[in-house]
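Heavy-atom basis, side chains included; hydrogens, waters and symmetry copies ignored.
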Amino acid sequence: MGAFDKILSGLTGMDELLNYIRMGDNVVWSVSDLADFKFFAVPFAEQAIRDGRNLIYMRFAEHEPLLTPRPGLKICEFDPDRGFEAFTVAIHDRIAKEGKDAFYVFDSLSSLQSVWYTDLMMGNFFRVTCPYLFQLDTVAYFPLLRGRHSFDAVARIRDTTQLLLDVYHGDGRMYLHPLKVWNRYSTRMFLPHSCRLPVSEQCNFRTVDGGVAMSRYYQLVEEEEEKNQDQNYDSHDRFFALAKIDYQRGEFSTETEKQIIESTLTRDRRLQEMIRRYFRPRDYFQLRDRMIGSGSLGGKACGMLLSRKIIHTELPQYRAYFEPHDSYYIGSDVFYTYIVSNNCWETRIAQRSDEGYFAKAGTLREALLTGSFPPDIREKFRSMLEYFGQSPIIVRSSSFLEDGFGNAFAGKYESVFCVNQGTPEERLEAFEEAVRRVYASTMDISALEYRKQRGLQHSDEQMAILVQRVSGRYLEDLFFPAAAGVGYSYSSYRWNKYMDPSAGLLRIVAGLGTRAVDRPDHDYPRLANLDRPAVPMHNSEAERHRFSQRVMDVLDTKENELKSIEIDSIMARLPLWLV
């Protein structure tokens with residue numbers, strides 16, 4: 001069939017009201033109960049089978065099946081617990097396999113909110129799936145539970161779909177109120193319509209008119225709205241708000257803690273056990289207050305928070321030496337939202353294939369470097385920068401897979417310093433550019449090869465971001481810490497036979513820690529094995545001089561950039577305790 005050709009829905013009266021559903025239409029049904037969706041979906045399926053259509057039921061939710069097995073119906077099952085990307089790719093691949101002119105009935109979109117804990121990702125799924133269905137001239141039915149989602153999420157769906165239909169059931173009638181019908185119009189199409197129950201295939205939807213009939217309809221609508229949640233916020237924000245109220249009342253359930261940990265910190269069972277041991281409810285709420293967007297904090301941020309809590313609990317004598325915790329976190333959902341809102345999803349899908357894994361990486365990397373952020377996210381960025389003022393900050397990768405057990409990803413993704421000087425707009429622009437660079441680093445060849453070597457090329461790799469204030473002091477226009485470094489749980493170097501490699505190793509440098517992570521040629525960090533930190537690596541003065549650090553990395557607040565300078569050039573200006 002051709003695009004926009006009329007098809008039969010199985011309900012003659014609805015066909016007349018909507019001037020028919022057309023090939024290419026995605027139809028979203030806003031309902032209070034899935035039984036109301038079945039009222040329309042079952043006749044649609046039966047009509048499609050009678051007409052010899054390729055009918056597919058996309059099954060992925062835990063609710064009761066919307067369609068039962070029957071000849072002429074394919075039932076395809078998917079698992080959203082695999083994560084947004086894996087689930088969405090699997091749906092995309094199935095749609096591609098079925099090809100043009102297929103008919104679909106999907107499980108409830110609202111069920112995805114329960115799995116992914118957020119309206120944002122449910123909206124992103126629809127925004128990438130609906131256009132692909134449209135391209136293939138399919139017809140698809142999607143149920144959406146009314147009042148469960150934020151206004152923003154519903155707006156994303158409304159802007160993407162071809163038809164959005166509001167359905168109410170009460171007073172012995174089924175009400176149908178078209179909110180959006182693309183490319184069709186009549187003088188009464190967007191008024192509420194109703195038919196008496198029970199109905200047959202020939203049910204007539206008549207316009208609700210007259211004062212009494214209209215007042216009954218709006219009374220029904222008002223009763224439904226009283227049951228709705230606060231739709232000014234994403235479901236994730238509503239959940240945290242309600243959990244905080246319960247906590248203030250002295251209630252904090254194990255199930256609430258489980259959902260917070262899984263949605264925000266980690267799904268790794270070993271890490272979850274440690275988090276439950278060391279975290280308190282107050283820690284979770286403080287964390288949410290410093291989070292931009294929703295989703296996971298990523299491996300690096302989770303690991304740093306957990307290690308901090310372990311030290312705080314197990315080594316209380318060192319608490320006085322800790323700097324106050326003031327980091328911010330950009331949730332992994334923002335990464336996918338950035339990809340979707342910049343129309344990069346098709347490239348992302350192509351890159352996920354075996355043949356496109358390396359071939360499409362460069363194209364996607366360039367797209368990630370040139371995109372723009374949604375206005376609400378930019379406003380949150382601005383608020384965060386106002387908090388930090390002109391303190392230098394670092395934008396660090398914190399991916400889904402990073403710093404997990406067995407997968408360190410050390411040095412594979414970018415960390416970008418923001419000297420954070422200039423006007424508010426200049427600082428915002430520099431920060432956004434830093435975030436883009438971190439996102440784009442997911443497509444760096446070294447990172448792709450690292451993932452493939454470990455069999456992770458098909459795993460969800462969501463990129464969250466950790467934003468930290470750089471620790472240090474000013475020396476005139478230069479800003480840097482006295483010392484920085486990187487630690488390893490196992491030492492590859494053993495320069496004394498009494499050293500225990502399993503005790504770990506520190507690579508220490510003066511200035512910013514960049515030179516401890518990536519050692520430039522002809523410059524050396526100080527190595528310290530943790531069971532014998534005072535044992536020197538070199539025996540003679542000549543060797544110690546030769547294998548020492550000569551260049552240090554600093555932030556130049558006047559030039560607003562990261563610089564490498566000769567240590568000798570500032571030696572005279574350094575405080576005696578540092579020299």
Which donor-acceptor pairs under 3.5 Å do the side chains of residues 360-370 make with protein atoms, sequence neighbours left out?
from, atom 1, to, atom 2, distance (Å)
R365, NE, D444, OD1, 2.8
T370, OG1, E366, O, 3.1
T370, OG1, A367, O, 3.3

Any chance [atom1] of [X] has more than 12 other-residue heavy atoms, nucleotides or ligands included, within less than 6.0 Å?
X	atom1	answer
E346	CD	no
E314	CD	yes
Y474	OH	yes
R267	CZ	yes

Just by modelled atom types, is the [Y] backbone N or O under 3.5 Å from a matching donor or acceptor in the [X] side chain?
X	Y	answer
D107	A61	yes
D553	G513	no
R319	H312	yes
D283	R280	yes

Do F388 and Y328 have side-chain heavy atoms sitting under 4.5 Å apart?
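They are in contact (side-chain heavy atoms under 4.5 Å apart), so the answer is yes.
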cation_pi([X], [Y]) dist<6.0 Å, angle<=45:
X	Y	result
R454	Y450	yes
R290	Y387	yes
R288	F240	yes

Between [X] and [Y], what is the ring plane arrangement, given parallel below 30°, perpendicular above 60°, and tilted in between?
X	Y	answer
F84	W116	perpendicular
F60	F125	perpendicular
Y247	F285	tilted

Take L555 and K563 through the side chain to side chain contact (heavy atoms under 4.5 Å, CB included) test and state the conclusion after the steps.
CA-CA 6 Å; L555 299 177; K563 279 187 175 180; over 6 Å; no
Looking only at the side chains, is there a donor atom on one of [X] and [Y] sitting less than 3.5 Å from an acceptor on the other?
X	Y	answer
S332	S296	no
Q549	Y524	no
R348	Q351	no
T256	S253	yes
N420	Q390	no

Evaluate the side-chain hydrogen bond (donor to acceptor under 3.5 Å, both in side chains) criterion for residues Y336 and E85: first the C-alpha distance (whole Å), next the side-chain angles of each, then the deciding distance (0.1 Å), finally the verdict.
CA-CA 9 Å; Y336 280 139; E85 185 165 352; 2.4 Å; yes
Note: [X]-[Y] ion pair, threshold 4.0 Å (strictly below):
X	Y	answer
R270	D268	yes
E433	R437	no
E429	R378	no
D523	R550	no
R382	E379	yes
D376	K380	no

Carefully, step by step, assess M291 and T264 under the rule side chain to side chain contact (heavy atoms under 4.5 Å, CB included).
CA-CA 10 Å; M291 191 170 175; T264 306; 3.9 Å; yes
Does E323 form a side-chain hydrogen bond (donor to acceptor under 3.5 Å, both in side chains) with S471? I'd like the steps, not just the answer.
CA-CA 9 Å; E323 291 189 13; S471 179; 2.5 Å; yes
Begin from the C-alpha positions of Q468 and R396 and carry the test side-chain hydrogen bond (donor to acceptor under 3.5 Å, both in side chains) through to its verdict.
CA-CA 8 Å; Q468 294 178 295; R396 306 185 66 187; 3.0 Å; yes
May I ask you to check whether Y117 and F239 place their ring centres under 6.0 Å from each other?
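Here the rings of Y117 and F239 have centres that are no less than 6.0 Å from each other.
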Looking only at non-hydrogen atoms, find the nearest pair between C130 and T160 and report the distance.
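Residues C130 and T160, closest heavy atoms: SG-O, 3.4 Å.
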Please round to the nearest 0.5 Å and tell me the distance separating atom CZ of F335 and atom OG1 of T442.
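Answer rounded to 0.5 Å: 4.5 Å.
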